[in-house]
Amino acid sequence: MHPHIQKLLKCIELEEKEQAERYRLDHQHTLKVLKAEGLALHPLIVTRKSIGYAEYPEISFKLGFPPETNMFKDGAAIECFISGEEPVKGALLSLDGMNGEFRLFAPDFPDWIEEDGVGIKLAPDTRTTGIMKKVLNELTNNSTLFKLFEQLHDNKPTTVDPASIKDIPVGFRNNKLNESQQQAVKAILQTAQVTIVHGPPGTGKTTTLIEGVIQLIRNGEKVLVAAPSNTAVDNIAKGLIRQGVKLLRVGNAGKADEAIFSHTPEGRLAKSKEQKEIKLLKIRAEEFRKMATRYKRSFGKAEREQRQLLFKEVKNIRNEIKKIQAYNEEKLFAESEVIAGTPIGIYDAGVDHLHFPTLVLDEAGQCIEPLAWCIFPLADKIVLAGDHWQLPPTVLSVEAAKLGFDRSILEIAINDTNNIHLLNTQYRMKQAIAGFSSSYFYNNQLLSPSHLHNTGTHITFIDTAGSGFTELHGPDGISLQNNGELIIVQKLLETEQLDPLTTAFISPYSGQVTAAKEVLPKQIRISTIDSFQGQEKENIVLSLVRSNDDGDIGFLKDYRRMNVAITRAKEQLFVIGDSATIGADVFYNAFLTYIEIYGTYRTVWEFDLT
């Protein structure tokens with residue numbers, strides 16, 4: 001076995017072990033601790049129960065408190081629990097503010113689901129890790145794919161002649177694409193095995209990919225589109241749907257909005273002639289299920305046997321429904337021009353019998369390598385799109401990260417191919433805001449159009465050095481917060497007359513975000529940097545939090561997180577921090593120097609703190 005495959009398998013095992021340790025609920029890892037770490041939501045109020053498209057129980061709920069939900073991503077593996085009962089595994093379908101929905105991998109609802117004290121917590125995602133291990137163990141069986149694997153890991157770089165890309169005549173549907181975007185589209189149409197579309201913040205990556213997919217369809221291709229998160233899949237899917245593409249969104253259809261839902265197998269089935277038959281079958285199944293659930297937890301042998309017979313009939317009816325759904329899905333696969341989903345969603349959809357000349361993997365900078373190999377076998381050509389200078393994939397195991405498990409497939413591939421196409425013009429932010437990232441991360445190649453050239457001060461650093469605004473551990477004893485910096489934020493909102501609706505407060509520390517929600521106006525978007533990736537606001541206030549005598553900056557050392565943070569603002573970026581703590585670091589020293597030249601440097605003493 002290839003040494004790197006062995007290393008990846010070891011990393012998966014380390015990640016599994018860390019997940020099991022981090023998410024377990026016992027005397028040592030109490031519910032209070034899990035809630036403080038943002039790993040559990042409790043108690044829940046169940047608002048609705050239904051049997052979903054996949055014939056699994058689905059539960060809608062609300063919370064009586066604003067939760068810390070950074071870790072609760074759509075599709076996350078969860079367990080539903082109550083004290084004294086065996087937990088039930090499932091998946092989070094959605095969480096929006098204080099309302100959410102999850103699916104249980106069980107034949108029916110637990111008897112206790114509507115009792116007081118029900119909660120959900122994150123759980124090890126054994127299904128995903130199991131699929132990744134299976135795919136890696138089978139990789140050597142595919143000679144073409146294994147050759148690509150060797151190229152990426154044995155210093156055998158793939159090369160493409162850039163001159164060959166410029167000669168292709170393309171009738172662009174979108175005539176507003178700039179030169180770098182046009183070149184990227186032409187590259188997507190080439191026969192190279194791997195093409196990279198490098199899209200820094202605000203450079204129109206999604207717009208470029210949509211044009212590329214449309215051109216592939218015009219060439220008669222059926223295209224596979226993937227991204228590591230449901231949010232990213234839906235983002236590009238919506239753009240393709242708006243362009244009239246026949247798209248089928250596979251995988252998580254739990255809480256999709258109408259624009260997406262009508263393009264899922266469930267949404268398409270709802271409009272088909274088979275729906276009437278399925279509706280009658282579901283009514284019958286629900287009648288049998290209700291009869292079975294009349295028998296509660298304490299009953300005798302005869303009642304138990306009757307309950308089992310009723311549930312068996314429910315199972316038979318649901319299997320009949322699944323057969324109708326599978327038949328319908330096969331028709332949808334054949335009719336679709338694009339099939340879109342997360343790698344696991346696509347893997348589960350069973351589309352391996354279809355031929356896809358091209359796979360487009362968006363947000364590839366967030367995709368761990370084994371997930372990518374789950375879908376690479378499905379296509380002849382691979383387009384990786386994203387930015388390896390933004391946040392890497394989330395990996396819990398420190399040991400696995402040290403072995404390189406948090407290196408995305410984009411970060412790996414970008415070092416082993418010259419077929420890289422940089423989108424070089426950003427359309428989001430004022431030139432002064434984009435300038436530091438352009439110089440530090442993108443070799444001054446990130447340009448700003450003339451209408452975004454500076455018309456005043458657009459980037460400000462507010463220095464708290466010497467003020468006594470030191471970092472503190474929050475009430476949970478884990479994450480950090482800085483109350484002094486929050487005082488400055490409140491003063492800024494007053495003095496700069498920032499509109500709360502067009503302003504966001506972001507920080508690398510969840511403790512600071514939790515504290516900010518207590519004191520800042522409710523209309524302001526308040527978020528960790530990680531949760532805000534891919535979003536933007538007119539005004540951004542960034543609180544760095546770290547202030548200590550040791551110059552310890554913790555995970556501010558991950559400069560990619562800062563690249564995300566400082567590229568979210570369109571008009572005004574305010575950064576609050578302690579220059580005495582961060583200034584000794586080479587990155588932050590360069591940032592402070594940039595501010596002195598192109599922005600405004602202020603101190604905490606300029607504000608009335610009485």
Side-chain angles (χ1 to χ4, degrees), residues 432-433 436-437 440 457-496 498 503-520 526-530 532 539-569 572-610:
I433 300 173
F436 179 73
S437 285
Y440 197 92
T457 297
H458 299 284
I459 182 168
T460 301
F461 182 79
I462 300 165
D463 194 354
T464 67
S467 66
F469 289 171
T470 55
E471 65 192 58
L472 298 167
H473 283 288
D476 60 12
I478 299 165
S479 188
L480 294 172
Q481 61 186 62
N482 190 317
N483 294 323
E485 290 189 5
L486 292 177
I487 293 172
I488 297 300
V489 177
Q490 292 169 289
K491 294 294 180 182
L492 263 180
L493 294 174
E494 294 173 17
T495 59
E496 302 297 321
L498 300 177
T503 301
F505 171 88
I506 60 175
S507 176
Y509 291 94
S510 59
Q512 186 75 333
V513 167
T514 302
K517 288 177 179 177
E518 297 293 323
V519 298
L520 298 184
I526 301 170
S527 172
T528 59
I529 296 168
D530 296 45
F532 206 70
N539 313 303
I540 293 288
V541 181
L542 167 62
S543 170
L544 297 182
V545 175
R546 299 311 298 251
S547 178
N548 54 71
D549 295 332
D550 304 319
D552 181 7
I553 64 172
F555 70 21
L556 290 187
K557 268 282 187 187
D558 190 340
Y559 306 144
R560 291 174 293 184
R561 180 173 281 105
M562 284 303 299
N563 188 33
V564 171
I566 62 179
T567 55
R568 300 303 99 195
Q572 293 283 342
L573 171 64
F574 299 92
V575 182
I576 306 171
D578 181 348
S579 65
T581 299
I582 66 173
D585 180 89
V586 61
F587 172 85
Y588 292 97
N589 184 268
F591 179 69
L592 294 173
T593 301
Y594 179 87
I595 293 286
E596 289 175 351
I597 300 171
Y598 299 102
T600 301
Y601 181 92
R602 300 173 68 180
T603 76
V604 68
W605 310 112
E606 295 178 33
F607 296 86
D608 178 11
L609 302 178
T610 56

Indicate yes or no: at least one non-hydrogen side-chain atom of Q481 is less than 4.5 angstrom from one of T514.
no
Rounded to the nearest 0.5 Å, how far apart are CZ of F436 and CG of L592?
9.0 Å
Between CG on residue N482 and OG on residue S467, distance to nearest 0.5 Å
7.5 Å
Do NZ/NE/NH1/NH2 and the carboxylate oxygens of D608 and K491 come within less than 4.0 Å?
no
Any chance you could measure R546, atom CZ, to I553, atom CD1, to the nearest 0.5 Å?
8.5 Å
On a heavy-atom basis, which atom in I529 and which in A565 lie closest, and how many Å separate them?
CD1-CB, 3.6 Å
Might you point out which heavy atoms bring S510 and T528 nearest each other, and give the distance in Å?
CA-CG2, 3.9 Å
Within the structure provided, determine whether L492 and T460 are in side-chain contact (heavy-atom separation under 4.5 Å).
no
Go through the structure and list residues passing ring pair (Phe, Tyr, Trp, His ring centres under 6.0 Å) with F469, not counting sequence neighbours.
none
Distance from L486 atom CG to Q512 atom CD, nearest 0.5 Å?
4.0 Å
In Å and rounded to the nearest 0.5 Å, what is the CD1 to OG distance from I576 to S543?
6.0 Å
Report the C-alpha separation of V575 and L544 in whole Å, then their side-chain angles, then the decisive distance to 0.1 Å, and conclude whether the side chain to side chain contact (heavy atoms under 4.5 Å, CB included) test is met.
CA-CA 7 Å; V575 182; L544 297 182; 3.9 Å; yes
Selection residues 573-592 - residue pairs positive for side-chain hydrogen bond (donor to acceptor under 3.5 Å, both in side chains), sequence neighbours left out:
D463-S579, S547-D578, K557-D585, Y559-D585, D578-T581
Below 4.5 Å, heavy atoms only, C-beta onward: do F574 and E496 meet side chain to side chain?
yes
What are the two closest heavy atoms between N563 and S437, and how far apart are they?
OD1-OG, 2.6 Å
Ignoring hydrogens, what is the shortest heavy-atom contact between L542 and P508? Give both atom names and the distance.
CD1-CD, 4.4 Å
Show the nearest heavy-atom pair for residues F505 and A516, with the distance to one decimal.
CE2-CB, 3.5 Å
Does a side-chain heavy-atom distance below 4.5 Å link L556 with R561?
no
How are the rings of Y440 and F587 set relative to one another: parallel (under 30°), tilted (30 to 60°) or perpendicular (over 60°)?
perpendicular
Any heavy-atom pair between the side chains of V604 and I488 that's under 4.5 Å?
yes
Do the non-hydrogen side-chain atoms of L520 and I526 ever get within less than 4.5 Å of each other?
yes
Less than 4.0 Å between a side-chain N and a carboxylate O, is that true for E596 and R602?
no
Under 6.0 Å between the ring centres of Y509 and F555?
yes
Atom OH of Y601 and atom OG1 of T593: how far apart are they, to the nearest 0.5 Å?
11.0 Å
Run the ring pair (Phe, Tyr, Trp, His ring centres under 6.0 Å) test against F532 and tell me which residues pass, sequence neighbours left out.
none
Min side-chain heavy-atom separation S507-V545 under 4.5 Å:
yes
When every non-hydrogen atom of L480 is compared with those of E471, the smallest separation belongs to CD1-OE2, 3.8 Å
When you measure from the side chain of N548 to the backbone N and O of D550, does any donor-acceptor pair fall under 3.5 Å?
yes
